[in-house]
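Keep in mind that the numbers below use all heavy atoms, side chains included, and drop hydrogens, waters and symmetry copies. Throughout, numbering of the chain's residues begins at 1 and tracks the sequence.
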Amino acid sequence: MTATRQARRRLITVFAIPTVLMMLFGVVSMLVYALVTLYSVLPQQTFDELQVGQSRESVEDRLPFFDMIDPPEWIDPDPQQDCVYHPSRRESEGVADVFRLCFADDVLVSKDVISAEDRRQW
């Protein structure tokens with residue numbers, strides 16, 4: 001092999017490896033985002049069945065595996081409460097209502113719906 005050919009190979013390798021790694025990272029990131037989005041949806045029926053006063057453990061047994069990735073935290077409740085957010089449907093279908101469940105002392109103290117309309121305003 002000539003020196004020119006070796007130099008050309010090294011140059012291709014220097015650019016090809018980072019490019020392939022970045023593309024792989026991008027694909028993996030999109031898959032993770034899609035899975036988290038899919039497995040964060042709380043069905044309306046499940047939300048309706050949850051009762052204020054239930055223990056956090058009994059509520060969390062019914063919740064999706066993931067919380068919402070980008071919750072509307074601009075409508076934050078009392079800082080003493082720990083709130084979780086779940087969309088009412090997949091966000092790929094447009095902006096969805098968001099269910100907010102707030103806990104204090106490991107008890108569900110409030111459950112609210114943040115409408116898609118309110119989310120669009122912010």
Go through the structure and list residues passing side-chain contact (heavy atoms from CB on, under 4.5 Å) with [X], not counting sequence neighbours.
| X | result |
| --- | --- |
| Val59 | Leu50, Gln54, Leu63, Leu101, Phe103, Leu108 |
| Tyr39 | Leu35, Phe66 |
| Asp112 | Arg100, Ser110 |
| Ala116 | Val95, Asp97, Arg120 |

Once salt bridge (Lys or Arg N to Asp or Glu O under 4.0 Å) is applied, what residue pairs with a partner in residues 32-53 remain, sequence neighbours excluded?
Glu49-Arg62

With sequence neighbours left out, write down each residue that passes salt bridge (Lys or Arg N to Asp or Glu O under 4.0 Å) with Asp106, or none if nothing qualifies.
none

Residues at least two apart in sequence or cross-chain that pass salt bridge (Lys or Arg N to Asp or Glu O under 4.0 Å) with Asp67, listed by chain then number, are none

Do Ser88 and Phe47 come within less than 4.5 Å of each other through their side chains, counting heavy atoms only?
no

So do Val84 and Phe99 actually touch side chain to side chain, heavy atoms under 4.5 Å?
no

Residues forming a side chain to side chain donor-acceptor pair (under 3.5 Å) with Thr46, sequence neighbours excluded
none

Is it true that a side-chain atom of Lys111 and a backbone atom of Cys102 form a donor plus acceptor pair closer than 3.5 Å?
no

Going by atom type alone, with no hydrogens or angles, which donor-acceptor pairs under 3.5 Å involve a side-chain atom of residues 17-26 and a protein atom two or more places apart or on another chain?
{"unit_1": "Thr19", "atom_1": "OG1", "unit_2": "Phe15", "atom_2": "O", "d": "2.7"}

Could you work out the complete set of other residues in the hydrophobic cluster of Val52, with links drawn between I, L, V, M, F, W and Y side chains under 4.5 Å apart?
none

How far apart are the C-alpha atoms of Tyr85 and Asp70, what are their side-chain angles, what is the distance that settles it, and do they pass the side-chain contact (heavy atoms from CB on, under 4.5 Å) test?
CA-CA 9 Å; Tyr85 299 82; Asp70 54 348; over 6 Å; no

Establish whether Leu38 and Tyr33 are linked, either directly or via other cluster members, by ILVMFWY side-chain heavy-atom contacts under 4.5 Å.
yes

One thing to verify: whether Arg56 and Asp105 come together as a salt bridge, which I'm taking to mean a side-chain N less than 4.0 angstrom from a carboxylate O.
no

